[in-house]
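Note that these values count all heavy atoms, side chains included, but never hydrogens, waters or copies made by symmetry. Lettering follows sequence order; numbering is per chain, from 1. Quantities reported herein were computed from a predicted structural model and do not represent experimental measurements.
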2 protein chains.
Amino acid sequence: MTTIKDVAERAGVAPSTVSYVLSGSRKISEDTRRAVQAAIDELGYHPRASARTLRSARTRVLALAAPRVPGAYRAIDGRFAIDVTDAARGHGYDVLLMTDSDGVGGLRRVACSGLADAAVLMAVEDRDPRVEVLGELGFPAALLGRDDHAQLPWTDLDWDAAVALAVRETAAAGHRRILFLSSAEHEVAARRGYALHGLDGARRATAETGAEVRVVPSHRDPDVLARRLREALTARPAPTALVVQHLILLPRLLDAVATAGLRVPDDLTVVLVGSLPDELGIRHLPRIDLPVAEMSTAVARLAIDAIDPGSDARPPSGPPHHLIQPRMAGPAIAPPSLG
Amino acid sequence: MTTIKDVAERAGVAPSTVSYVLSGSRKISEDTRRAVQAAIDELGYHPRASARTLRSARTRVLALAAPRVPGAYRAIDGRFAIDVTDAARGHGYDVLLMTDSDGVGGLRRVACSGLADAAVLMAVEDRDPRVEVLGELGFPAALLGRDDHAQLPWTDLDWDAAVALAVRETAAAGHRRILFLSSAEHEVAARRGYALHGLDGARRATAETGAEVRVVPSHRDPDVLARRLREALTARPAPTALVVQHLILLPRLLDAVATAGLRVPDDLTVVLVGSLPDELGIRHLPRIDLPVAEMSTAVARLAIDAIDPGSDARPPSGPPHHLIQPRMAGPAIAPPSLG
DNA sequence: CTGTTAGCGCTTTCAA
DNA sequence: TTGAAAGCGCTAACAG
């Protein structure tokens with residue numbers, strides 16, 4: 001294992017000089033820096049992260065707390081894990097992935113043992129115990145998902161605007177009877193931000209467009225969802241468009257549509273809200289993608305900015321946030337069929 | 001920040017005694033250990049990971065290298081990230097997530113700077129540069145996905161057995177004309193293990209069952225897939241069952257089936273091979289789930305076991321591996337309709 | 001059974 | 001413009 005001392009010896013300088021060359025925090029003569037750089041290259045020297053961390057009390061690591069619902073899986077969680085990792089690297093940070101299968105223990109352990117400088121929390125709930133713990137430890141954090149209650153920075157898609165946009169565009173394509181499959185009932189009951197704001201957006205767009213928008217709450221049980229959807233689709237007069245926010249059950253949903261004897265988009269136009277970007281299987285549907293990349297960059301940024309409270313006092317307006325405006329993607333929304 | 005010294009002072013012992021109480025690597029009198037434990041609890045002491053690592057040259061962290069294909073997203077990658085993290089915790093390890101957006105640089109950095117003790121590689125390719133680098137650095141690693149070429153431990157689903165099982169069970173349900181949608185052409189061309197072994201399994205089962213199994217290679221372009229599928233489904237005599245290994249485009253695939261005027265499972269039985277477990281949207285389809293949990297546990301285990309080459313010499317039989325047998329899940333496979 | 005002490009690799013003050 | 005040296009928190013060899 002080659003250390004800073006080896007490099008110093010080879011370059012004929014003191015260890016501290018090597019350190020200064022590396023950090024750039026002191027003026028070094030051109031000759032010296034070249035000699036040091038040469039020694040570094042020849043020896044293939046890499047600084048030991050643990051030594052730096054011990055000295056500086058900075059890990060340059062973010063802890064990312066992903067949810068882990070037993071028996072269910074949300075593709076979005078894994079996607080964020082990967083994208084946040086990418087985003088953090090862009091800021092010079094690595095990501096330590098944690099699941100909450102451990103309850104709040106994992107986060108506490110990571111914070112207390114100095115494994116990370118800040119945390120990013122996914123899928124934050126109303127009175128999330130993870131938020132409590134981090135607050136009590138004074139550990140910096142940022143949230144992936146809007147939360148106006150917790151005193152923490154957050155980023156999110158503007159779900160209100162997103163659903164409103166989807167409904168508005170659908171109406172603009174000529175649809176007068178629109179079905180909105182909202183978040184599942186348990187999500188609304190848990191007062192999830194996306195669920196509530198999505199419903200608000202549907203209401204707002206309904207008023208604005210004058211279209212008849214029927215809201216059908218989704219359900220975590222695929223069979224219940226299929227039943228509800230079928231009833232709503234076969235009601236007379238039948239809706240000509242389906243705007244979907246609850247996407248976890250998408251294959252089952254498409255199955256229910258097909259079972260109802262409807263072709264997409266000939267008999268029924270389907271518009272997705274909050275889909276995963278770059279999912280090739282849904283490229284054929286008009287949609288509003290969840291801005292995963294932008295959210296990931298933002299949340300990494302917010303978490304890192306929360307690390308050093310020294311720069312200036314907390315501005316009086318509370319923790320910062322980053323609300324992202326929706327954009328339509330995919331093919332144009334098909335007009336209703338003339339039948 | 002409370003250190004081992006603070007604890008020692010409060011308990012009236014030497015710092016090393018506290019360390020020994022913590023590690024259990026020395027006999028301690030019951031009185032002393034109680035005093036120390038009390039001091040630890042009262043002060044809320046947690047050992048600093050960086051100090052331990054600096055001392056012991058062990059991080060108790062695994063690096064997990066996830067692929068990052070620009071413009072495409074595979075839900076499976078995020079899922080493994082989360083499950084491997086859980087599995088690693090079960091062995092007392094944390095997981096540092098890396099993407100290969102950086103090429104091979106991230107892995108090299110993590111290995112050289114001592115941020116992790118071993119690596120887990122996902123989606124390994126034929127002559128994967130990450131494997132080369134780790135070999136050259138002598139960094140311990142294990143692979144998520146079969147690879148008989150690289151001299152590294154791996155785990156995988158037995159894809160040959162899985163496809164064979166799916167076809168066999170489909171035939172046993174009475175189907176005589178079966179369509180097998182294999183991996184995409186570029187996956188076969190890249191000699192991906194799952195792609196090749198899946199094809200082998202289809203061939204084997206065809207011979208065994210005597211059913212007419214038509215293999216249609218999938219394609220990364222959803223439009224090409226849809227076209228191929230449509231042609232194959234409308235050929236006469238029409239197949240009555242569809243076994244699918246290429247699942248990334250599933251929504252589009254179901255759309256193509258519906259567009260062909262076919263109902264599932266009345267007109268066409270659909271069987272999935274390698275689906276994500278706990279995906280609620282596909283619960284209604286017979287399938288063979290990818291054993292994500294078992295693979296994750298196994299690969300964490302293999303990586304950790306590769307860390308300490310001291311225990312005994314490499315057994316002559318090459319690196320260990322863990323091949324998992326497939327199991328059917330979901331509803332029974334529907335027999336062909338009498339029409 | 002317990003204490004003393006050296007040192008892991010690095011950064012940074014203090015001194016030149 | 002550079003060097004010497006202390007010390008971050010912990011473990012383990014050595015010494016009682």
Phosphate contact (C:dT2 OP1 or OP2) by B:S29 side-chain N/O below 4.0 Å: yes
B:T32 vs C:dT2: side-chain N/O to OP1/OP2 distance below 4.0 Å: yes
Below 4.0 angstrom, N of the basic side chain to O of the carboxylate: do [X] and [Y] qualify?
X	Y	answer
B:D305	B:R301	yes
B:D278	A:R74	no
A:R68	B:D83	yes

Distance-only donor-acceptor test, A:R26 side-chain atoms vs D:dT2 base atoms, 3.5 Å: yes
Quiz item: A:R52 side-chain donor-acceptor pair to C:dT11 base, under 3.5 Å: no
Interatomic distance, A:R55 CZ vs C:dC10 C1' [rounded to whole Å]: 7 Å
Atom pair distance, as rounded to whole Å: CZ in B:R48 and P in D:dC10: 7 Å
Modelled atom types, side-chain donor and acceptor of A:T53 and A:S50, under 3.5 Å: no
Test item: side-chain donor near acceptor, B:S19 and B:S16, under 3.5 Å: no
Touch class at under 4.0 angstrom, heavy-atom based, for B:I28 against every strand present: sugar-phosphate
Estimated bend of the helix from C:dC1-D:dG16 to C:dA16-D:dT1 (axis per five terminal pairs, rounded to 10 degrees): 40°
Pairwise ring-ring contact (aromatic ring centres under 6.0 Å, His included) hits with a residue in residues 128-157 of chain A, at least two apart: A:W154-A:H321
Residue-level proximity of residues 1-20 of chain B to DNA chain D when a heavy atom falls under 4.0 Å: B:M1, B:T3, B:I4, B:S16, B:S19, B:Y20
